[in-house]
Every structure is written in structure tokens, then in C-alpha cells.
Number of protein chains: 2
Amino acid sequence: MQRGARLDRRIDFYFDFSSPYSYVANEWVGALAARHGRRVRRHAILLGVTFQAAELKSPVSYPIKREYSVRDFARSARFEGLPYAMPASFPIPTQNAARVFWWLADTRGDEAAAAWATAGLRAVFTRGEPIGERDMLRALAAGHGLDPDEAERVWNDPAWKERLKRANEQAIAAGVFGAPFFVVDGEPFWGNDRKPQIERWLASGPF
Amino acid sequence: MQRGARLDRRIDFYFDFSSPYSYVANEWVGALAARHGRRVRRHAILLGVTFQAAELKSPVSYPIKREYSVRDFARSARFEGLPYAMPASFPIPTQNAARVFWWLADTRGDEAAAAWATAGLRAVFTRGEPIGERDMLRALAAGHGLDPDEAERVWNDPAWKERLKRANEQAIAAGVFGAPFFVVDGEPFWGNDRKPQIERWLASGPF
């Protein structure tokens, strides 16, 4: 009974398509969850909105910390055995990719949205593709088996713009102020580097 | 030859007596270094000074992030199996404890300074002692086997004030913008949570 209840529980994973640490975490979170009988619910958000709510800025907007962060992004990817690239211009606008994410989540389910999340994060951080640009995002959609005209209609649709806005508000209400951000059994974990703590939590419960 | 050269190399570990993550890292860095034939050179610094250079602020000075950080400080200590407490007022002024640190480092060596670092960090984060206060710091010194009058003369001495100032400047020049901060073979690592990356670096070299 307890076991069954636990298997049913999910991991909430908040990310931004322009977040390097979200790219890294997105690659391990599925397997980690599966090892512990959990499922993952991804939430595409706009970091700029959560930064504003918490009066924060991107780590690359600070002197000194910027150089370290750029180095650490790549090193943290290599630490997980992942390829890494950065778009020439960074951060990139991600609202359109996020609106397509929520359209997929709401109309085709979490798995379809997860596949899009992975495709988008890999496009940005393994090939350096600026998916904030219209043509680049249309090409990504087409390569992913979506109709690029339909994808573009979605990201221009006030209903899906509103859906993303709600997702951002829900994230802020959940205490999210950065990405990746995880909520497991009500416990918040911020950062790709909280993987060991999340793993212990999943394996043996609260500590 | 290569092995001998490597055994001679050190890990630079920058910390502030008021940094919870420095307290946690200080507890594991010695054993980790020893496992890989390294020695640790600790550097007491003032985070406020490095924050200013990088235009940063303490994580507890931001709304939303503050609550998470306070929770994560304690959880990160428990993750390492360590006791944890926080002083009623936080952060605390640490320049006097840091001046005593440099006096010990320069007159008695790294090991004496390391013992003082550990005593001070444990006082703050296992007993919540406000070691920024004169009487509390005198008592810490006395309990540590130092003459409290001599310790107080040290922290009021312009020469040791200048020594700490130089340490802060050297840290900023080394790229330090937070604590704990490690430099291993020229590679910078920021944060208690970079332990797994440091461990891999020490075990198998650059990645």
C-alpha cells in the first residue's frame, strides 16, 4: 500500500530552455526517477520571470562570476559525460519554445512535452542553436515531427501565451527562483548539483 | 617524478567564518585532500568584500531564495552527517576571527590556522555562537588554548587588519566571488556542492 502510493508520486522538474544546468539535469532526471519508481513532470518556465520575483539576475550578468559560470556550465556537462556547446548569444529568448511545450503537455501529455524539452535543450546546448529565432524554432519543430506552421500558430496564440504565464505564476507560488528546480514530496531542491541529495531522498526518504 | 610533483601540490580553500556551506566543506576537505595525497591551504576571507567586487549579495538577502537557502544550509549539513545550528543573527561579522586566523597561519603555520578555522566554524554552525561579539570570540580563543588578551591585541592590530585586507585582495585576484571556493591545479570550484567534481579531478585529473 505504502509502496503503491509511493510509485504513484512524481518529481516536479522546472526548467528554462536557456538554462545550461537545466540541460544537464534534463539528461539524468528521467533515469534517476525511474530507478526509484517515480515519474517526472516537467514545467517549462521563463527564468527571467522567476528572477524578477526573487530580485535575482542571471549568473552571467555579474562580473567575475560570469567567467566562472561559463566554465562551470561546460565542466558540469562533461562531469555527466554530456556534449556541450553554447549559443553565440546567451541567454536566448525561450518563450516560444515554452509555449509549444505547454501545448504538447496539455494536448498530448507529459511524455510528448518531455521529448520536446529534450529536443530543445539539446539543440541549444549541444549545437548552440539560437531557438529564440523564428526560422530556427520552426526547423526544430519540423525536425521533431511537428508541423512548423502549427507550432508557429501555437506560439503566437494568446491562449498558449496565457498558459505559459500561468506556469510561471505557479512556479513562483511553488518557491521556484532558479532552474533547474525540483520538488520531491514537497521538498525543494535547486540546481543540477543537488542530484546527490535528490538521489538520497528518493532512495531512503527525508534526511 | 610526476607522482612526487603531484603529492607536493595543494588545494586552496577560501572560506568565511559566517558561511554555512564553508562550515560543511571545511569538515570534508581535509580527508578528501589526504585521500589524494594533497594538502589544504585555508584562506580566511570576508565574503562581503568579494561580494562587492563581483556586485553580488548574500543568498539570504533575496526574497524567496532566502527561505530556500536557510533550509538548504541545514539539509546540506545533514547530507554530510553533520550537526547544524544557525546564530540568531545572521550573517555575523567575522573580521576579528579572520585576523586571528592569519596571525596563526603566518606565525604558527597552516595546521594551527586550520584548527582555529574548524573551531570557529563549529562554534558558529553547531552551537550558533555569535563570534562577531568580543566576549564570545575571547571565550572561543581561550577554549582553543590561546591567550584571549593576545588574541584581542591581534584583531585590533593594524598589521593583522592589513594582512586580512591582503588576503581579500588576493582572493579577488584569484577569481573568488563566494565561499567555499577551491582552486585545484589552477582550476576554480565554487561551492560545497562541487565536492564530487573536485573528487573526480583529484582522482583522475582534468575532465
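Residue numbers begin at 1 in each chain, while the letters A, B, ... track the order of the sequences.
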Original post:
For B:L56, does its backbone N or O pair with a side-chain atom of A:Y62 as donor and acceptor, under 3.5 Å?
Top reply: no

Original post:
What part of A:F51 gets closer than 4.5 Å to chain B, counting heavy atoms only: side chain, backbone, both or neither?
Top reply: neither

Original post:
In terms of heavy-atom pairs under 4.5 Å with chain B, which of A:E55, A:K65, A:E187 leads?
Top reply: A:K65

Subject >> Per-residue contacts, residues 75-103 of chain B versus chain A, heavy atoms under 4.5 Å >> reply: B:R75, B:S76, B:R78, B:F79

**OP:** Report the residues that fulfil salt bridge (Lys or Arg N to Asp or Glu O under 4.0 Å) with A:E133, sequence neighbours left out, ordered by chain and then residue number.
**Re:** none

Original post:
Picking from A:E67, A:R194, A:K57, which has the most non-hydrogen pairs under 4.5 angstrom with chain B?
Top reply: A:R194

**OP:** Identify the residues of residues 163-176 of chain B whose heavy atoms come closer than 4.5 Å to a heavy atom of chain A, ordered by number, or report 'none'.
**Re:** B:I172, B:G175

**OP:** Would you mind checking which part of A:R71 comes under 4.5 Å of any heavy atom in chain B, side chain (CB onward), backbone (N, CA, C, O), both or neither?
**Re:** side chain

Original post:
If we only count heavy atoms from C-beta on, is the B:D72 to A:Q197 side-chain gap below 4.5 Å?
Top reply: yes

**OP:** Could you look at A:P206 and say if it's the side chain, the backbone, both or neither that has a heavy atom under 4.5 Å from chain B?
**Re:** neither

**OP:** Determine the minimum heavy-atom distance between A:W190 and B:Y68, stating which atoms define it.
**Re:** N-OH, 2.7 Å

Subject >> Exercise: identify the closest heavy-atom pair between B:A53 and A:P63 >> reply: O-CG, 4.2 Å

Original post:
Taking only residues at least two apart or on different chains, which pairs with a member in residues 16-28 of chain B satisfy salt bridge (charged side-chain N to carboxylate O under 4.0 Å, His left out)?
Top reply: B:E27-B:R122

